[in-house]
Amino acid sequence: MKNMKNIKKFFLCTKHESIKMVLKKIIKNGTRTIVVIDPRRKLLGTLTEGDIQRFLLKNNNINLKITKIYNKNPQKINLKMIKNHNLIEKFINKQIGLIPVVNNKNILQNVITWSEVFKAEKSKSELKKIDVVIMAGGKGER
């Protein structure tokens, strides 16, 4: 789990940033989601690639602010209750890329990502255990 000092800027944005700038951050963070906070780090919501895609289908201006399109009622976990949550179940059932962790005043304390919970990154030693790799190609005409 990341502590607040280690949360990189591309996991966070303000509601006054443009869709274009937020998309760049989402691409960098790899979770398909970003956390929207105010200047005091109060959690305002989250914004996903899907939210942006749905908006852009109706309005093609990528330079607009995210103010009206982010989710103002996001999934979150209170820091004091984190041990009581089944994170795996929450990630799978809600199909989310990250979960903000907040204190009792709704101030962002941490961000937990899918890859942290599921340990998606394979170590090089695990990959060395693969005996055979089959590479197939073609036009698929048969």
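The model shown is predicted, which means the values in this text are computed figures rather than measured ones.
Taking all atoms of both residues into account, the shortest heavy-atom contact from Phe91 to Ile96 is CD2-O, 3.1 Å. For Ile34 against Phe11, the heavy-atom pair with the smallest separation is CG1-O, 3.4 Å.
With sequence neighbours left out, the side chain to side chain contact (heavy atoms under 4.5 Å, CB included) criterion links Ile27 to no other residue. Listed by chain and residue number, nothing satisfies the side chain to side chain contact (heavy atoms under 4.5 Å, CB included) test with Asn60 (two or more places apart in sequence, or in another chain).
The side-chain contact (heavy atoms from CB on, under 4.5 Å) with Leu108 is formed by just one residue from the set Leu12, Val36, Val101, Asp38; it is Leu12.
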All N/O donor-acceptor pairs, side-chain side in residues 67-77, below 3.5 Å, sequence neighbours left out:
residue	atom	partner	partner atom	Å
Thr67	OG1	Lys15	O	2.9
Asn71	OD1	Asn73	N	2.8
Lys72	NZ	Thr67	O	3.1
Gln75	OE1	Lys90	NZ	3.2
Lys76	NZ	Asn106	OD1	3.0

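Two residues are said to be in side-chain contact when any heavy atoms from C-beta on lie closer than 4.5 Å; Thr14 and Pro39 fail this criterion. Looking at Leu23 and Ile62, their side chains come closer than 4.5 Å, going by heavy atoms from C-beta outward. A 4.5 Å side-chain heavy-atom check between Thr113 and Val117 finds every atom pair outside the cut-off. Residues Leu98 and Val35 are in side-chain contact: their nearest non-hydrogen atoms beyond the backbone lie under 4.5 Å apart. Side chains of Cys13 and Met21 form no contact here, defined as non-hydrogen atoms less than 4.5 Å apart.
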- Task: Start with the C-alpha distance between Arg32 and Thr48, add both sets of side-chain angles, then the distance that settles side chain to side chain contact (heavy atoms under 4.5 Å, CB included), and finish with yes or no.
- Result: CA-CA 6 Å; Arg32 302 186 65 163; Thr48 67; 5.8 Å; no
- Please report the C-alpha distance between Asn104 and Asn78 in whole Å, then the side-chain angles of each, then the deciding distance to 0.1 Å, and finally whether the side-chain hydrogen bond (donor to acceptor under 3.5 Å, both in side chains) criterion is met. CA-CA 7 Å; Asn104 288 338; Asn78 187 294; 2.8 Å; yes
- Query: Can Lys9 and Lys28 be said to form a side chain to side chain contact (heavy atoms under 4.5 Å, CB included), step by step?
  - Reply: CA-CA 10 Å; Lys9 292 180 183 177; Lys28 286 183 182 178; over 6 Å; no
- Query: Where do Leu87 and Phe118 land on the side chain to side chain contact (heavy atoms under 4.5 Å, CB included) test, with the steps shown first?
  - Reply: CA-CA 10 Å; Leu87 292 176; Phe118 292 95; over 6 Å; no
- Message: side chain to side chain contact (heavy atoms under 4.5 Å, CB included), that's the test. Do Ile52 and Leu47 meet it? Break it down for me.
- Response: CA-CA 8 Å; Ile52 294 171; Leu47 182 65; 3.8 Å; yes
- Task: In sequence, state the C-alpha distance, the side-chain angles, and the governing distance for Arg54 and Asp51, and then conclude on salt bridge (charged side-chain N to carboxylate O under 4.0 Å, His left out).
- Result: CA-CA 5 Å; Arg54 283 185 289 280; Asp51 297 330; 2.9 Å; yes
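Not a single donor-acceptor pair under 3.5 Å links the side chain of Asn59 to the backbone N or O of Leu56. When atom types are taken as modelled, the side chain of Asn29 and the backbone of Thr33 share a donor-acceptor pair closer than 3.5 angstrom. The backbone N or O of Asn86 sits nowhere less than 3.5 Å from a side-chain atom of Glu89 that would complete a donor-acceptor pair. Without hydrogens or angle criteria, Gln109 side chain to Ile107 main chain gives a donor-acceptor distance under 3.5 Å.
No path of Ile, Leu, Val, Met, Phe, Trp and Tyr side chains, each step under 4.5 Å between heavy atoms, connects Leu79 with Leu44, placing them in separate hydrophobic clusters.
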